[in-house]
Structure formats: structure tokens, C-alpha cells
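To start, the structure under review is shown below, and the notes come after it.
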Amino acid sequence: MIKFLIKGLIRDHHRSLFPIIIVTFGTLLTTVLYSFINGQLNDLIDSNARFDTGHLKLMTRAYDKLSNQIPNEFALTGVEKLIESLNNKYPGYNWTPRIKFIGLLDVPDENGETKNQNTVFGMAVNLIGKNSQESERFNLDKSIIRGHIPEKPGDILISEELAKRMKIDIGHSVTLLSTSSNGAMAVQNFVVCGTVKFGIGVMDRGAIITDISDMQFTLEMFDGAGEILGFNKNKFYIPSEAEKIKFDFNNHYLNKGDKYSPLMLTLEDQNGLGEYLQYINVVGFIIVGIFLIAMSIVLLNTGLMSGIRRYGEVGVRLALGEAKAHIYKSLLYESVLIGIVGSVIGTILGLAITFYLQEYGIDITESIKNSSIIMSNILRAKISFVSFYIGFIPGLLATLIGTAFSGIQIFKRQTASLFKELEV
Amino acid sequence: MGDSQIIQISNLVKDYAMGKQFFRALHDVNLSINTGEFCGLVGPSGSGKTTLLNIIGALDNPTGGDIIIMNNSIKDLKNKQAAKLRNESIGFIFQTYNLLPVYTVFENVEFPLLLLKKSKKEREEAVMRALEWVGLSDKVNSRPNQLSGGESQRVAVARAMVKLPRIVLADEPTANLDAANSHNILQTMLKLNLELKTTFIFATHDEKVIRYLRRKVALSDGNVINDIIMN
Ligand SMILES: Nc1ncnc2c1ncn2[C@@H]1O[C@H](COP(=O)(O)OP(=O)(O)OP(=O)(O)O)[C@@H](O)[C@H]1O
Ligand SMILES: [Mg+2]
């Protein structure tokens with residue numbers, strides 16, 4: 001009997017082609033849209049992790065409280081030992097120190113007079129030290145526009161945009177004015193070794209990057225760091241695992257009475273990223289819901305239309321002794337077949353488009369010129385496990401719902417009047 | 001079995017709702033039909049022939065009275081039981097053939113056997129035999145739109161006969177056929193009636209059919225006005 005139905009479906013294009021096209025289209029859009037939003041949020045989370053939050057972050061309680069002021073006077077001390085013990089205790093993670101700072105960058109002319117001055121946001125990271133993965137994390141290889149990565153103390157990277165604005169060339173020497181961890185004035189000369197463009201608005205507008213040892217010296221933070229970041233060695237953020245480490249660490253070291261006691265936070269605890277992660281699920285539901293309803297309505301109508309076309313067939317089948325329930329069931333089987341075929345095609349096409357968007361993306365540099373969120377300038381989709389099945393939910397359900405309701409409409413008519421259609 | 005009764009119609013009334021009113025299409029019809037009869041409901045258009053045939057075939061419900069068909073009371077039959085009765089014991093032939101257009105001749109004739117869950121081998125044998133009766137063995141793989149009217153109606157006869165039903169109900173089976181084809185079809189049905197003792201009930205006002213009938217039940221405005229049995 002199933003074979004009989006399939007034959008009918010294949011031979012009657014009216015019955016199969018149009019619904020399959022609708023299902024394919026809806027499934028495709030669902031897959032692409034979901035993957036696209038998934039890509040955005042993943043990208044957002046990934047950029048945040050690499051540039052700011054880590055998968056886990058360690059700082060003092062006081063630093064955490066005032067973290068948006070970058071209070072380096074509350075920085076962690078004894079960092080070398082701390083990192084060593086973190087590496088021993090949580091070997092699945094890479095632990096690395098960072099210092100953030102704010103300062104004035106001063107470009108002197110030949111006479112040592114100020115030629116040009118600009119406020120800068122700086123990050124001191126482990127670039128020169130051994131086994132460092134920071135340059136990889138900042139994607140420096142690909143982000144360098146001119147020059148090279150810092151190789152020795154005194155080297156500094158500045159954003160290409162800033163360099164252009166301040167007319168700084170590679171090899172120029174610049175002076176950084178900042179506040180030391182003791183609250184004193186800190187002055188240090190650097191040599192610009194390269195310029196970078198990350199494709200992330202905030203960083204590109206006016207950031208500088210130095211090796212951590214330089215800033216420890218400049219800001220008088222010997223063996224200190226504002227933050228220690230932990231990155232899962234497999235590169236993925238795993239919420240449950242991070243949560244466990246945070247809980248374990250804070251259990252041992254957190255002292256609520258001591259404002260210098262260290263505190264560990266997960267990625268989700270910072271920058272509202274936890275909410276973003278939940279958002280991704282909600283958005284998935286909403287997309288599926290919208291397409292489910294829209295497709296159901298369209299398919300209900302096509303079902304009704306093809307149903308009218310098939311009154312004759314239904315009448316004959318009844319006359320030949322098929323029970324109403326059996327015919328209804330066979331209509332549902334047909335719809336499931338159509339749903340599967342449409343969903344498979346739609347998902348394959350959707351994944352193909354998603355793959356393209358994953359590899360090439362859409363450039364939105366212009367529209368986020370003034371944004372301060374850490375967000376990349378190229379929107380990319382991301383194929384995840386969910387991308388493979390999410391389209392099937394509206395694809396299959398909509399054909400079933402559409403057929404179920406249009407089928408009921410057909411059978412609401414009296415058998416005899418169905419049969420009457422035959423006499424025309 | 002010879003003259004044993006197969007259909008007993010008693011005090012049958014059928015009303016059709018027409019808005020708030022109703023239209024009485026059959027008035028108190030009483031009729032008894034025996035196994036192996038080759039009979040016809042004859043009468044002018046609108047006299048109630050199709051209505052009566054549909055109720056006999058359990059496709060429509062009577063408003064009053066009842067039909068006992070092979071010991072089943074039509075008015076008590078549930079949807080599913082009615083389907084089973086049609087499936088096992090009744091073959092339908094329509095004025096407009098009503099073949100399923102997407103299926104081949106073979107598949108159209110095979111369909112009732114699929115519903116009866118016959119094995120592939122049984123189906124194949126029965127379909128080929130039925131197509132032989134109607135002389136269409138060479139058209140097994142044709143589609144309905146490749147057949148002439150006469151051929152289509154012969155396929156419909158084969159489809160009605162393939163399961164060897166006890167009863168065949170034929171509503172204006174020759175209305176769309178020329179004289180030669182009409183005779184051909186009727187000859188075939190007559191042969192099956194004689195060989196297999198299948199009971200045939202026609203609804204018709206076609207003289208070509210009426211000449212073949214061994215019993216003519218005349219209907220007028222929903223009443224049986226005459227019942228002639230030939231010898
Ligand atoms: N579904 C219906 N609703 C209302 N009236 C109906 C319906 N079906 C049939 N009738 C009426 O019942 C009467 C009998 O109809 P029926 O179809 O049985 O006639 P018939 O003898 O088969 O005619 P014909 O030779 O034209 O096929 C007609 O007057 C018709 O208008
Ligand atoms: Mg009629």
C-alpha cells in the first residue's frame with residue numbers, strides 16, 4: 001500500500017511538487033536563519049572570550065567590583081606562582097596573565113616636542129614569553145597590517161586606524177603616559193613595531209598592545225596582573241566544566257572578608273554573555289515557531305486545494321471499499337513523505353548556504369562604526385549540530401498539521417456528496 | 001443458492017436536506033433481489049435511481065426503512081463496517097469510469113485487491129484474469145488518459161469484477177459509450193453473471209442496457225411504479 005502511495009505521489013506532480021517546494025523553502029530559511037543567528041552569538045562569545053573574558057577569569061574581589069575603571073591598584077600579585085598552581089590544579093586549561101590599562105599616547109617631533117596626542121586603551125599580554133598562545137588568540141598573524149609582532153621589550157603594536165590618525169610609522173618611537181598601580185605618574189617610551197586591524201570596532205579605533213613584562217615594569221606591578229584568563233585547551237567554552245572549576249576555586253580561595261582575595265568568574269558571568277547564550281535557544285524556538293505557523297497555513301491551503309482536486313479520487317476509493325480512516329491515514333502518510341523529502345532537500349540547501357556564510361560572511365564594517373561591543377565586522381553563520389535537524393521540525397510538523405486539517409475538511413462532507421462529485 | 005434472496009429493501013425513505021426544508025428522493029421503496037439477478041432500476045432523470053443504488057452500496061444512509069444486504073442491516077452499519085462490506089462484496093461501476101488517473105490499468109484493477117490484502121501473486125493472477133474477461137490484456141501498462149471511453153469502462157468493469165464480488169452496482173455504465181462498445185460491455189457482464197452468479201443491479205435509462213435486463217424495476221419520483229421479470 002505504501003508503495004502504491006509513493007507511486008501516486010511521484011506521478012502526480014500537483015500532489016507532490018508544490019508542497020515539496022514550500023517545505024524545502026521553509027526548511028531552508030529556518031536552517032539558514034538559525035545558523036546565522038547561532039553564528040552571530042557564537043562569534044560574539046568567541047571574540048569576547050579571546051579579547052576580554054576568557055572562558056574563566058581570575059581577579060581580586062576589589063578589581064571585579066570596579067572592573068570598568070580598570071583599577072590596577074587592586075591587581076593580583078604573586079602571579080607566577082598563582083599560574084603555576086592553576087596549571088597544576090586545572091590542567092585542561094591554559095592560564096595567562098593580562099593587564100588592561102588606559103593612557104595617553106604621545107608622538108614627539110624631532111625636537112622632543114609633542115606633535116600628536118591620543119587617549120588609548122591598552123592591553124599587555126604575554127607575547128614574548130615562552131609557550132604563549134596569546135598571539136594566536138588575538139589572531140595577530142592575520143591581523144598585522146604593517147610591521148611585525150613584538151619580539152623584544154619596548155616593542156608596541158598599535159591599531160592601524162590610530163596609526164593613520166596620528167601619522168605614526170613603523171619604527172617611530174612613542175611615549176605612553178599612564179598611572180602606575182601606586183597612583184603615581186608612569187611614563188615609558190616604546191617603539192612601534194607593527195599595526196593591526198582586528199575587524200572588531202572597539203579594538204580598531206584606538207588600542208595598543210604590549211608585552212606584559214613591559215607594563216609590569218611601567219606600572220610597577222612586579223609579578224602582578226590585573227587579570228588571569230583561563231582558556232579551555234580544546235578551544236570551546238563548555239559551561240558545565242567552567243562552572244565546576246569556578247565553584248571549586250572559589251570554594252578554596254575566596255575570602256569574603258578580604259578584598260584582595262581572588263575571585264573566579266566564568267565567561268557567562270561577564271558582559272551579560274550568559275543571557276546571550278540563553279537567547280540563542282529562545283531565538284531558535286521563535287524561528288521554528290514562526291516558520292511552523294506560516295508553512296502550516298500555506299500547506300493547509302494547498303492541502304485544501306489538492307483535496308478539492310482529489311474529491312473524485314476519495315469518492316472512488318470509498319466506493320471501492322476503503323474506509324474513511326484508512327484514506328485519512330494514507331493522506332497523512334503522504335504528507336510525512338513530502339515533509340521528509342522537502343526537509344531533506346531544504347536542509348541540504350540550507351547547510352550549503354550556511355556553509356558559504358560561514359566561510360565568507362557579510363561585511364558590516366560601515367554600520368557598526370560607533371559600536372563599543374566586542375563584535376566582529378563580518379557577520380558569519382555557523383553550522384552547529386542543531387543546524388542539521390532544526391529545519392525538520394517545521395518541515396515535518398507543518399505538512400502534518402496542514403494535511404490533518406485539510407483532510408478533516410474533506411471528510412466533513414458526506415460520503416454521498418463526495419461521491420456525487422463523481423457523476424459530473 | 002439459485003433464487004436465494006441477497007438484498008431486501010423495506011419501506012425505504014430518503015430525504016435530502018435543502019436548506020431548512022427537505023426533498024424526498026425515495027418514497028417507501030420495497031424490493032427484494034435474488035442472487036444472480038441481472039436487473040435494472042429504470043426511469044427518467046431525477047427519479048431516484050442513483051440515490052437508491054448508493055444506499056444499496058452503503059455509500060449513503062437511508063432516512064427511514066432499511067436494506068438487509070447479505071444479512072447486514074444497512075442502517076446499523078458503522079462507517080468501517082460499510083467499507084468492509086463494499087470491499088469484500090460489492091463492485092461499483094460508474095457512468096464516468098472514475099479510474100485513478102495516475103495509476104496504470106494494472107494498478108487500477110489491482111487496487112481493490114490491495115485493500116483486501118491479497119498476496120502479490122494472487123493479485124497478479126486475479127488482475128490478469130479480469131483484464132482477459134474484458135479483452136484488455138494488452139493494455140496493462142497504459143494510463144487511463146491513453147484509453148478510449150470504451151476501454152476505460154472495460155477497465156472499470158475489470159476493477160469491479162476482479163475481487164469476484166457477490167454484487168455489482170452499475171450506475172449508467174454506458175452513458176458515455178457508443179452502441180458497439182455498450183453491447184461489448186454488456187455482453188461481458190452478462191457472461192460474468194452467468195458464469196459466476198454475480199448479481200448485477202443497473203441504474204439506467206439507456207435502451208441499449210434495458211434490452212439486456214432480465215428484470216426491470218421502474219422508478220418515478222422516488223416510487224417503484226412497475227416491476228417486470230422476464231423469462
Ligand atoms: N445531495 C442531494 N441533495 C439534494 N437533492 C438531491 C441530492 N442528490 C439527489 N437529489 C435529488 O434527488 C432526486 C433523485 O436524484 P437521483 O440522482 O437519484 O436521480 P437519478 O434517477 O439518478 O437521475 P439521473 O438519471 O439524472 O442520474 C433528484 O430530484 C435530485 O435532484
Ligand atoms: Mg443517476
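Every chain is numbered from 1 and lettered A, B, ... according to where its sequence line falls, protein lines coming before strand lines.
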Note to self: Looking at every heavy atom in both A:Ala319 and B:Phe94, which two are closest together, and how far apart are they?
What the structure shows: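 Closest pair (atom of A:Ala319, atom of B:Phe94, distance): CB-CZ, 3.6 Å.
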
Checklist line | For the student: nearest non-hydrogen atoms of B:Ala83 and A:Ala323, plus distance | finding: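 Heavy-atom minimum between the residues: CB-CA, 3.6 Å.
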
Margin query: Run A:Leu320 and B:Arg159 through side-chain contact (heavy atoms from CB on, under 4.5 Å) and show every step you take.
Written below: CA-CA 9 Å; A:Leu320 292 178; B:Arg159 181 176 66 182; 3.8 Å; yes

Item checked: B:Tyr103 side chain vs A:Phe4 backbone, donor-acceptor pair below 3.5 Å ->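 Yes, because the side chain of B:Tyr103 sits within donor-acceptor range (under 3.5 Å) of the backbone of A:Phe4.
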
Next item on the list: Report the distance from atom CD of A:Glu313 to atom CG of B:Asn98, rounding to the nearest 0.5 Å.
Entry: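 Spacing of CD (A:Glu313) from CG (B:Asn98) equals 11.0 Å.
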
Checklist line | Between CG on residue A:Leu318 and CG on residue B:Asn79, distance to nearest 0.5 Å | finding: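 With rounding to 0.5 Å, CG (A:Leu318) is 8.5 Å from CG (B:Asn79).
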
Next item on the list: Identify which part of B:Lys117 has an atom lying under 4.5 Å from any heavy atom of chain A, answering side chain, backbone, both or neither.
Entry: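 Looking at B:Lys117, nothing touches chain A.
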
Please determine whether the number of non-hydrogen atoms from other residues, nucleotides or ligands lying under 6.0 Å from atom [atom1] of [X] exceeds 12.
| X | atom1 | value |
| --- | --- | --- |
| A:Tyr328 | OH | yes |
| B:Asp178 | CG | yes |
| A:Glu359 | CD | yes |
| B:Asn71 | CG | no |
| B:Lys208 | NZ | yes |
| A:Phe25 | CZ | no |

Item checked: Step-by-step side-chain contact (heavy atoms from CB on, under 4.5 Å) determination, B:Arg143 to A:Arg11 -> CA-CA 11 Å; B:Arg143 293 280 189 85; A:Arg11 291 180 196 163; 2.9 Å; yes

